[in-house]
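Numbering starts at 1 and runs along the sequence shown.
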Amino acid sequence: MIGTWSLFYRSLHLLFDGVPESIDLNAVRDCLLALPDVADLHDLHVWAMATNENALTAHLVLKGGTVQTRGLLEQARENLHEFFEIRHVTLQVETADQAVLCPAMHCS
């Protein structure tokens, strides 16, 4: 019964796209904010695709004008994989001007 309850709880958590227990969302946020040229981020979501596969989506707000996003995105993916075992990553890169539009558009 106890083993069944644990499996049931993990299944519900997975079903409702909850942040996996092994992931510290604040640490993930700090990791992304520590990247060069990243001023802010929003719409950060982490969920389990399976019991051992995690996914992440986020919007990265860049500090300045022109930034080489390829290197930035590669570094973000490497860090997320190395420190958090997150292998499925989707990042959207925005300028500060684009991010300002978000509250008016009811982004979370």
Side-chain angles (χ1 to χ4, degrees):
M1 186 72 160
I2 292 172
T4 304
W5 174 252
S6 174
L7 180 60
F8 177 70
Y9 174 78
R10 286 184 287 160
S11 298
L12 279 179
H13 193 69
L14 182 65
L15 178 67
F16 291 115
D17 292 332
V19 176
E21 292 177 7
S22 63
I23 302 290
D24 179 350
L25 199 57
N26 289 324
V28 171
R29 179 180 302 278
D30 292 344
C31 178
L32 291 171
L33 288 171
L35 293 167
D37 299 313
V38 173
D40 199 4
L41 67 96
H42 60 93
D43 292 329
L44 172 61
H45 303 282
V46 179
W47 70 97
M49 295 176 57
T51 55
N52 62 349
E53 279 187 86
N54 297 322
L56 174 144
T57 61
H59 295 227
L60 302 179
V61 181
L62 302 182
K63 289 179 184 173
T66 306
V67 175
Q68 294 297 324
T69 58
R70 183 176 181 178
L72 174 71
L73 295 174
E74 286 176 4
Q75 185 63 55
R77 285 188 189 101
E78 288 174 13
N79 289 355
L80 292 167
H81 178 232
E82 180 180 344
F83 299 122
F84 304 102
E85 291 295 321
I86 299 173
R87 291 183 176 87
H88 299 277
V89 176
T90 303
L91 297 170
Q92 179 171 323
V93 178
E94 302 174 347
T95 64
D97 293 340
Q98 292 166 327
V100 169
L101 297 175
C102 193
M105 295 171 32
H106 305 292
C107 298
S108 58

Mind checking whether L62 and T69 have side chains closer than 4.5 Å, heavy atoms only?
yes

Heavy atoms of V46 and I86 approach each other most closely as CG1-CD1, 4.2 Å

Starting at CD of Q92, measure out to NE2 of H59 and round the result to the nearest 0.5 Å.
4.5 Å

Show me, pair by pair, the donor-acceptor contacts under 3.5 angstrom made by side chains of residues 70-83, not counting sequence neighbours?
unit_1 : atom_1 : unit_2 : atom_2 : d
R70    : NE     : E74    : OE2    : 3.2
Q75    : NE2    : N79    : OD1    : 2.6
H81    : NE2    : R87    : NE     : 3.2
H81    : NE2    : R87    : NH2    : 3.4

Taking all heavy atoms of V38 and all of K63, pick out the closest pair and write down the distance.
O-CE, 3.4 Å

Taking atom OG1 of T90 and atom CG of L56, what is their separation to the nearest 0.5 Å?
8.0 Å

Quick one: list whatever passes side-chain contact (heavy atoms from CB on, under 4.5 Å) with A27, sequence neighbours left out.
D24, F84

For residues T57 and D43, determine if any side-chain heavy atom of one lies less than 4.5 Å from a side-chain heavy atom of the other.
no

Quick one: list whatever passes side-chain contact (heavy atoms from CB on, under 4.5 Å) with S22, sequence neighbours left out.
P20, N54

Are L33 and V61 connected into the same hydrophobic cluster when the rule is that any two of I, L, V, M, F, W, Y join if their side-chain heavy atoms are below 4.5 Å apart?
no

